Amino acid sequence: MSLQPARTRIAPSPTGHMHLGTARTALYCYLLAKQTGGQFILRIEDTDQKRTVPGAEQEIMDGLRWLGLQYDEGPDVGGAYGPYRQTERRELYQRRAQTLVDSGHAYPCFCSPERLDEVRKEQMKRKENPRYDGTCRNLDPAEAARRVAAGEAHTIRFKVPQEGVTIARDHLRGEIVTENKQLNDQVILKTDGLPTYHLAAMVDDHEMKITHVLRGAEWLGTFPLHVNIIRAFGWDEPVWIHLSVFLKPSGKGKMSKREAAEALKDGHSIFVKDLQELGFLREGVLNWSALMGWGVAEDEVMSIEQMIERFSIDSLTPSPAAINFQKLDHFNATHIRLLPADDLAARVKPYFVRQGLVVDDAKLLKIIPLIRERLTTLDDCVAFGGFFFQDSVSPTREDLIAKNLDAQRSLEIAQKAYQILEALPVVNHESGETPFREYVESSGYNAGQVFGVLRVAVTGQKVSPPLFESMEIIGRDVYLRRVAQAIELLK
RNA sequence: GCCCCCAUCGUCUAGUGGACUAGGACGCAGCCCUUUCAAGGCUACGACCGGGGUUCGAAUCCCCGUGGGGGCACCA
């Protein structure tokens, strides 16, 4: 466990919905920062203006807040190392690129995209590894500088070493050795004057004094490049941690658009915003995603505080992990049961309201113990407890007819039930149980039939929370009216 | 095609040369509890990818295969 305060960052691109992978990376960053008394930072990597989508940045900030992963520094909260949006830092990158050019580690490139395309096609045809052919690498620096000064369109490319190997160290995988001849002279500053990720992220991580870089394993390919850029500047390297990628539930490949749509039909999603709307708890989502890539021996159900306490970058795993939504359901249900009643009530209320129901807070608090262990997601509350807030219920005649009985006998049960209930000043588990048990004994009907008719009559549904407790909350007038209605329906 | 990474139950994982009869969790199956649905309790099923080494001893270290994943942009 590192005792030095860690500065970590989540650096998403505002190019679409906030993904589960972003949430998990943010969580680990947050845990490490909190555990060490450091800072967790949000940086927006919006250097690709073509791909930037309006609203995406807001969704990321909303998502992090919903998850409870509040950042200490970021675009909307400020901080000592801002600005935290890369498009607002362009001069900085241009200066840094220039120092690289001056020190011979980078060079202007005047090749047109069209020429580059052609070269790439040629190389592919010859089954070669497609990479920059080095035309501008060998230009006379003075000549290149003249053309730049003359305003000729150009990019800046990083000059990778051509011989030897680059050794980069990933905290989870150890040393990764790459032959330099495999490396490519990547563009680090584009024609539009904005940097590519390779430059921007390295500069910012250095400027913002990031101590641990946690990012997806898809960056492993350009990892040697990044290490070379940092070394060209002469900077210290952070601890690098490349997190395992998430695979689709089948384990075969990354989540596709089609798979994502499939998951949504099933009440699941890989997007944070969807998860929230589908009735998942931040605690559930966090606990679940934390465990994909973090090896915890036992006691896997954890609060965020417990995660902060137990987290260690040493127990992160490097292998890809298949997403398992059943496990999300499990963690969600578990955390719902762990919530204090008033907290659960507050979280569940919007889902009733969303269905157009008028919710009485005192009543809501009373039904929480009845529905709590039946909920997998918050929106399940409507299915189990909607009838508490409806003026009337509308059971079908078919549902009112008890199993293995006909309408006539079911009517008989309903009528008898009405008599029993009418005779009782108060119905609760104790007072209701005895007379109905006696009726079951004497009538010859079984408990399932008797309680079944009553359940459908009172709740309008075949599956419900415990009957007598529910009736106690609904109130005498209402359940008597509903049983009377059932009798009419069965006639 | 080239490069890189990964490899324990169906899935997420524990395991860092002897404590392994390989542990936990999800799921699945059965039983108990039970007026429905759940929750809870108990039990069962279930894995070290293959082959070579190293070692007294390997799930653990090395090599080779195989399988899977990721990447090869003026995208991140």
Side-chain angles (χ1 to χ4, degrees), chain A residues 11-13 15 45-48 50-51 109 111-113 116-117 120 123-124 126-132 153-157 170 172-173 176-179 181-184 186-192 194-198 200-201 215-224 242 244-245 247 249-254 288 291-301 315 317-331 333-334 337 371-376 380 383-384 433 436-437 440 446-456 459 461-468:
Chain A
S13 295
T15 53
E45 309 223 324
D46 56 351
T47 57
D48 187 346
K50 290 184 285 292
R51 291 206 310 152
C109 173
C111 297
S112 67
L116 262 16
D117 262 0
R120 208 183 341 269
Q123 289 169 328
M124 305 254 269
R126 278 175 286 160
K127 296 205 186 296
E128 282 172 21
N129 194 11
R131 52 204 288 266
Y132 182 58
H154 67 284
T155 61
I156 304 287
R157 283 183 187 273
D170 173 76
L172 308 182
R173 291 161 248 259
I176 294 168
V177 182
T178 311
E179 289 189 69
K181 64 171 186 242
Q182 299 296 339
L183 268 30
N184 196 3
Q186 298 279 355
V187 169
I188 55 174
L189 200 71
K190 299 180 276 187
T191 312
D192 64 4
L194 282 167
T196 58
Y197 174 91
H198 313 303
R215 37 138 67 160
E218 54 267 26
W219 290 111
L220 239 25
T222 43
F223 186 24
H242 292 89
S244 60
V245 293
L247 270 27
S250 65
K252 308 253 182 236
K254 289 214 280 191
W288 170 61
L291 260 23
M292 288 189 282
W294 172 15
V296 174
E298 266 159 65
D299 299 321
E300 296 184 346
V301 176
S315 45
T317 58
S319 39
I323 292 173
N324 184 345
F325 287 119
Q326 286 179 320
K327 207 151 185 170
L328 169 60
D329 287 343
H330 168 258
F331 276 112
T334 303
R337 277 175 253 125
I371 63 172
R372 181 167 24 210
E373 63 255 28
R374 277 161 254 266
L375 306 181
T376 297
D380 289 340
F384 284 107
E433 192 74 11
F436 275 94
R437 282 290 164 199
V440 167
N446 64 44
Q449 291 166 330
V450 171
F451 291 111
V453 171
L454 187 55
R455 163 169 289 108
V456 175
T459 69
Q461 50 200 53
K462 299 183 98 163
V463 171
S464 83
L467 239 194
F468 295 126

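The sequence lines fix the lettering, A, B, ..., with proteins before strands; numbering per chain opens at 1. Atom set for the values below is all heavy atoms of this structure, side chains included, hydrogens, waters and symmetry mates excluded. In this text, all values refer to a predicted model and were calculated from it rather than measured experimentally.
Partners of Phe223(A) according to the ring-ring contact (aromatic ring centres under 6.0 Å, His included) rule, which considers only residues two or more places apart in sequence or in another chain, are Trp240(A), His242(A). Not a single salt bridge (charged side-chain N to carboxylate O under 4.0 Å, His left out) links Glu218(A) to another residue, sequence neighbours left out. Evaluation of the salt bridge (charged side-chain N to carboxylate O under 4.0 Å, His left out) rule for Asp299(A) yields no partner, not counting sequence neighbours. By the salt bridge (charged side-chain N to carboxylate O under 4.0 Å, His left out) test, Glu433(A) is found to be paired with Arg437(A), residues two or more places apart in sequence or in another chain being considered. With sequence neighbours excluded, the residues that form a side-chain hydrogen bond (donor to acceptor under 3.5 Å, both in side chains) with Trp294(A) are Ser315(A). Among residues two or more places apart in sequence or in another chain, the ring-ring contact (aromatic ring centres under 6.0 Å, His included) test is passed with Tyr132(A) by none. Every residue was checked against the salt bridge (charged side-chain N to carboxylate O under 4.0 Å, His left out) condition with Arg215(A), not counting sequence neighbours, and none meets it. The side-chain hydrogen bond (donor to acceptor under 3.5 Å, both in side chains) test applied to Arg337(A) returns no partner, not counting sequence neighbours.
Note on Arg126(A): every side-chain N or O is 4.0 Å or more away from OP1 and OP2 of G1(B).
If you check every strand for non-hydrogen atoms under 4.0 Å, Arg131(A) touches nothing. The residue Pro466(A) sits close to a base: some heavy atom pair falls under 4.0 Å. Across all strands, Ser244(A) comes closer than 4.0 Å to no nucleic acid atom at all (heavy-atom distances). Heavy atoms of Thr47(A) sit under 4.0 angstrom from primed sugar atoms or phosphate atoms, though from no base atom. If you check every strand for non-hydrogen atoms under 4.0 Å, Ala447(A) touches sugar and phosphate atoms only. Within the 4.0 angstrom heavy-atom criterion, only backbone atoms of the sugar-phosphate kind lie near Ser13(A); the bases stay farther away. Within the 4.0 angstrom heavy-atom criterion, no nucleotide atom of any strand lies near Trp294(A). Within the nucleic acid shown, Val463(A) comes within 4.0 Å of at least one base atom, counting heavy atoms only.
Here the nucleotide nearest the side chain of Thr196(A), chosen from C74(B), A73(B), C37(B), is C74(B). Counting only heavy atoms from C-beta on, Arg437(A) has its side chain closest to U35(B) among A7(B), U35(B), C74(B). Side-chain proximity of Arg51(A) to A76(B), A7(B), A73(B): nearest is A76(B).
When the C1' atom is compared between U35(B) and C9(B), the two are found 39 Å apart, to the nearest whole Å. For the P atoms, the distance linking G70(B) with U36(B) amounts to 47 Å, nearest Å. A19(B) and G46(B) are spaced 22 Å apart, taking the P atom of each and rounding to whole Å.
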Check nucleotides 2-4 of chain B against the protein and report each pair of N or O atoms closer than 3.5 Å, with its distance, or say if there are none.
| from | atom 1 | to | atom 2 | distance (Å) |
| --- | --- | --- | --- | --- |
| C2(B) | O2' | Gln182(A) | OE1 | 3.4 |

With 3.5 Å as the limit, what N/O pairs link the protein to nucleotides 62-64 of chain B?
none

Under 3.5 Å, N/O pairs linking protein and nucleotides 66-69 of chain B:
| from | atom 1 | to | atom 2 | distance (Å) |
| --- | --- | --- | --- | --- |
| G69(B) | OP1 | Gly253(A) | N | 3.4 |

Write out a two-atom table: protein N or O, nucleotide N or O from nucleotides 25-31 of chain B, distance below 3.5 Å.
| from | atom 1 | to | atom 2 | distance (Å) |
| --- | --- | --- | --- | --- |
| A25(B) | O2' | Glu300(A) | OE1 | 3.3 |
| A25(B) | N3 | Lys327(A) | NZ | 2.8 |
| C26(B) | OP1 | His330(A) | NE2 | 3.3 |

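The nearest whole Å value for the distance from the CD atom in Glu433(A) to the P atom in U34(B) is 11 Å. The distance from atom CG of Asp48(A) to atom P of C74(B) is 12 Å, rounded to the nearest whole Å.
Using the Watson-Crick or G-U wobble rule with both distances under 3.5 Å, C31(B) pairs with G41(B). Pairing for C61(B) goes to G53(B), judged as Watson-Crick or G-U wobble with the two contacts each under 3.5 Å. Pair check for A25(B) finds U11(B); Watson-Crick or G-U wobble, both atom distances under 3.5 Å. With a cut-off of 3.5 Å on both pairing distances, the Watson-Crick or G-U wobble partner of G1(B) is C72(B).
Heavy-atom nearest nucleotides on RNA chain B were determined for Ile323(A) and for Ala217(A), and the one closer to the 5' end corresponds to Ile323(A). Between His154(A) and Ser315(A), the residue anchored nearer the 5' end of RNA chain B, judged by the nucleotide with its closest heavy atom, is Ser315(A).
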Go through Ser464(A) and Arg455(A) one step at a time and tell me if the side-chain hydrogen bond (donor to acceptor under 3.5 Å, both in side chains) criterion holds.
-> CA-CA 7 Å; Ser464(A) 83; Arg455(A) 163 169 289 108; 2.9 Å; yes

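In this structure, Phe468(A) and Phe436(A) have tilted ring planes: the angle between them lies in the 30° to 60° band.
For C5(B), the base has no donor-acceptor partner in the side chain of Arg173(A) [N/O atoms by modelled type, under 3.5 angstrom].
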